[in-house]
Protein chains: 2
Amino acid sequence: MVTLAEVAQHAGVSASTVSYVLSGKRSISAGTRQRVEQSIQELGYHPNAGARALASSRSNIIALMVPLRTDMYVPVMMEIAIAVATTARTHGYDVLLLTGEEGPDAVRRVTGSGLADAMILMDVELDDERLPLLRDTDQPSVLIGLPADTSGLTCVDLDFRATGALCVEHLATLGHREIAVIGEAPAVYERHTGFAERTLDGLRSRARELELRVLHRPCEGGYDAMAATLARIFDERPGTSGFVVQNESAVEPLLALLRQQGRAVPEDVSVIAVCPEQVAMQASVRLTSVAIPAPEMGRRAVEQLVAKLDGRETEEVVLLAPELTVRASTGPLSGG
Amino acid sequence: MVTLAEVAQHAGVSASTVSYVLSGKRSISAGTRQRVEQSIQELGYHPNAGARALASSRSNIIALMVPLRTDMYVPVMMEIAIAVATTARTHGYDVLLLTGEEGPDAVRRVTGSGLADAMILMDVELDDERLPLLRDTDQPSVLIGLPADTSGLTCVDLDFRATGALCVEHLATLGHREIAVIGEAPAVYERHTGFAERTLDGLRSRARELELRVLHRPCEGGYDAMAATLARIFDERPGTSGFVVQNESAVEPLLALLRQQGRAVPEDVSVIAVCPEQVAMQASVRLTSVAIPAPEMGRRAVEQLVAKLDGRETEEVVLLAPELTVRASTGPLSGG
DNA sequence: ATAGGTTGTCGAAGCGCTTCGATACCCGCT
DNA sequence: AGCGGGTATCGAAGCGCTTCGACAACCTAT
């Protein structure tokens, strides 16, 4: 293993000079810099992470806490995680992967041990038990998702309220008056994950303004659950002609069932999904959708975090504007 | 920030004693141990990770390198990653998340800097450019997936060859004589990812023994690609009655298309998928499938790695036995 | 010429921990 | 009484790096 001292000796300078070449924190003459860089190359030197962390109290690591559960849309999580890792690298940080399993203890452990300089939390509940800890420590953190009280926190999320509103508006424009919302699994609502409720809020309040009727049904993923849910919906509101789906694993079952029941999409009923682009485009009907911009969310979270680590001021809440893409699953209400 | 020295002072012992209490590397009297532990509690002490790493040359971190691409089945990746993180924690390790983006450089960086004690690589290609580096260094590593040459490496994977054979056997038992294989996207084969080829191998050789005909078609995910592929298959082999699908994003399109063409599953055609349990159970037809045991793979990988780190001997290749679960998508060939 | 300011480099201290003798003590033997 | 052999604890060195203050060398501006 090559050390700083060996590089210094090889280049004929002192250790501190090498350190300053590496960090750029003091000016170094062109000649010296070059010799040092040359030595680093030749010896294949890599600074020792532990020593660096100890001396500088900076680990250059960002902790990312992902949920352990898989009842929510997994690819979104993965995309966010990958975007976080990628973006972090461009800022010189590595990413430590924590699962939600340890809960608040993980926050204590990481904060206390200096394992990471900062952390990003995913799948934040409205009244998350980790939040008090985050407010207490001076270790920077960013949430992906919105808790009930964002004071003293930095959050990044899609503007789900606007997302809900956008869906309603689109359906309203097409002439639909009765809308059904296929939501996430009941567990997601019970857990008080904010995004599902916020979407619903936005949906409902815009619907009220536009005088549409909204029926909301949480739904487990899969074919059977969807079949039962759909039956109940048409039973209760036979006039339903628009669907908003916020549950990836209900999309394909819904389409199959509608087809099976002889309801054509988009001639008879329109369907809008809130899902990643890929899902919308790979479905058996190209779906009109509001995209969940997972990579963007991961990227922004890291950027906020790096800004904080650099001592820059940041906004408290970053809400990404939803974008609706019209594809083949929505159309004007025929007949009336 | 609380340090070891402060704990020592509080407990009235020397720093080294506290260290030994923590590590258990020397015997400590019950009384002293108790006092120290008490002090640790009261002060809320957490050992500093950097200092520990520096002094012991052990970071207690395992690096996990996930592929950057998303052309393969993402939930499997995520499940593996989560299983790795969870299992690692039970052994006292944390997980550093690396993306494939940096390629071999990431291996050098991590190895050189002592950031991690060991690494796990996912999505290994048959002739992966990272392998020479791994063989060179004495840092332990485990691959999830099999390269062409496994000498000097430790690998964990599903026995895809046996998986292929198992699928053929099941279909043969049911009387099917012409089988079509819907494979991964062409890019996956071009990249020489081993698992796809191994499945095919197992499939073909068992088919030869049992005198079945096999037609293999790689397939991009999605509806359109599947439609084109399916048309070609029936064009070429009208008698095809059994399908093996190894491409999660082709499953639902395939089922939809068969339905649409008036081919009943499993009465007219049988379908077996190689996919995670959840996908098999949530599909519009409950799928007979060979499970991809993602969590098990992650767990085993970590266990192998920890064994190596502890200086224990390990097998070179761990192949998990495939398990076929019969559900509603396969049945005896009717008519003949 | 000299005071004052830059610029480039060095030496040393110290980050918080682990670990290796060394030491002190107690026990049971002879 | 004296000795070998545990057991429990301590002190000090050192892991590889960053960073601060010091200092020499040089450049202006008086």
Side-chain angles (χ1 to χ4, degrees), chain A residues 1-37 39-40 43-61 92 94 109-117 309, chain B residues 1-37 39-40 43-61 92 94 109-117 309:
Chain A
M1 193 200 180
V2 189
T3 69
L4 225 208
E6 295 175 284
V7 173
Q9 189 170 15
H10 186 272
V13 298
S14 77
S16 50
T17 301
V18 176
S19 178
Y20 286 124
V21 168
L22 252 33
S23 69
K25 291 190 180 173
R26 283 201 183 172
S27 52
I28 296 286
S29 68
T32 305
R33 157 169 294 113
Q34 214 162 25
R35 256 181 309 134
V36 170
E37 278 165 357
S39 299
I40 289 176
L43 301 180
Y45 168 71
H46 286 271
N48 180 86
R52 193 166 248 197
L54 177 57
S56 66
S57 320
R58 280 286 211 129
S59 64
N60 286 304
I61 289 181
D94 272 293
R109 195 165 60 84
V110 169
T111 308
S113 67
L115 239 183
D117 296 332
L309 285 165
Chain B
M1 194 200 178
V2 189
T3 69
L4 225 208
E6 296 175 284
V7 173
Q9 190 171 15
H10 186 271
V13 297
S14 76
S16 50
T17 301
V18 176
S19 178
Y20 286 123
V21 168
L22 252 34
S23 69
K25 291 191 180 173
R26 285 200 184 173
S27 52
I28 296 286
S29 68
T32 305
R33 157 169 293 114
Q34 213 163 27
R35 256 181 310 134
V36 170
E37 278 165 356
S39 298
I40 289 176
L43 301 180
Y45 169 71
H46 286 270
N48 182 87
R52 193 166 248 196
L54 178 56
S56 65
S57 321
R58 280 285 212 130
S59 64
N60 285 305
I61 290 181
D94 272 294
R109 196 165 60 83
V110 169
T111 308
S113 67
L115 238 183
D117 296 333
L309 284 166

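Chain naming here is simple, since letters A, B, ... match the order of the sequence lines and numbering starts at 1 in each. The basis for the numbers below is simple: all heavy atoms, side chains too, and nothing from hydrogens, waters or symmetry mates.
In this structure, A:Asn48 and B:Ser29 both approach DNA chain D, and ranking their closest nucleotides by distance from the 5' end singles out B:Ser29. Each of B:Ala55 and B:Arg26 was matched to the nucleotide of DNA chain D holding its nearest heavy atom; the match closer to the 5' end belongs to B:Arg26.
Among all heavy-atom pairs drawn from B:Leu115 and B:Ser59, the shortest one is O-OG, 3.1 Å. A:Tyr45 and A:Val2 make their closest contact through CD1-O, 3.5 Å (heavy atoms, listed as atom of the first residue, atom of the second, distance). Scanning all heavy atoms of the two residues, the minimum distance from B:His10 to B:Ser39 falls at ND1-OG, 2.8 Å. The heavy-atom pair separating A:Leu309 from A:Asp117 by the smallest distance is CD2-O, 3.8 Å. Scanning both residues, B:Thr32 and B:Ser29, for their nearest heavy atoms gives OG1-OG, 2.8 Å.
Heavy-atom neighbours of A:Glu6 CD from other residues, nucleotides or ligands within 6.0 Å: above the threshold of 12.
If you take CG on A:Leu22 and CZ on A:Arg33, they are separated by 10.5 Å, rounding to the nearest 0.5 Å.
Within 4.0 Å of A:Ile28, counting heavy atoms only, lie sugar-phosphate atoms of the nucleic acid but no base atom. B:Ser19 comes within 4.0 angstrom of a nucleotide base, judged by non-hydrogen atoms across all strands.
One N or O donor and one acceptor, one from the side chain of A:Ser16 and one from the base of C:dG11, sit under 3.5 Å apart.
In the 5' to 3' direction, nucleotides of DNA chain D lying under 4.0 Å from heavy atoms of chain A begin and end at D:dG16 to D:dA22.
When each of B:Val13, B:Thr17, B:Val21 is paired with B:Arg35, the side chain to side chain contact (heavy atoms under 4.5 Å, CB included) condition holds for B:Val13 and for no other.
If you check residues 2-11 of chain A against DNA chain D, the residues with a heavy atom closer than 4.0 Å are A:Thr3, A:Leu4, listed by number.
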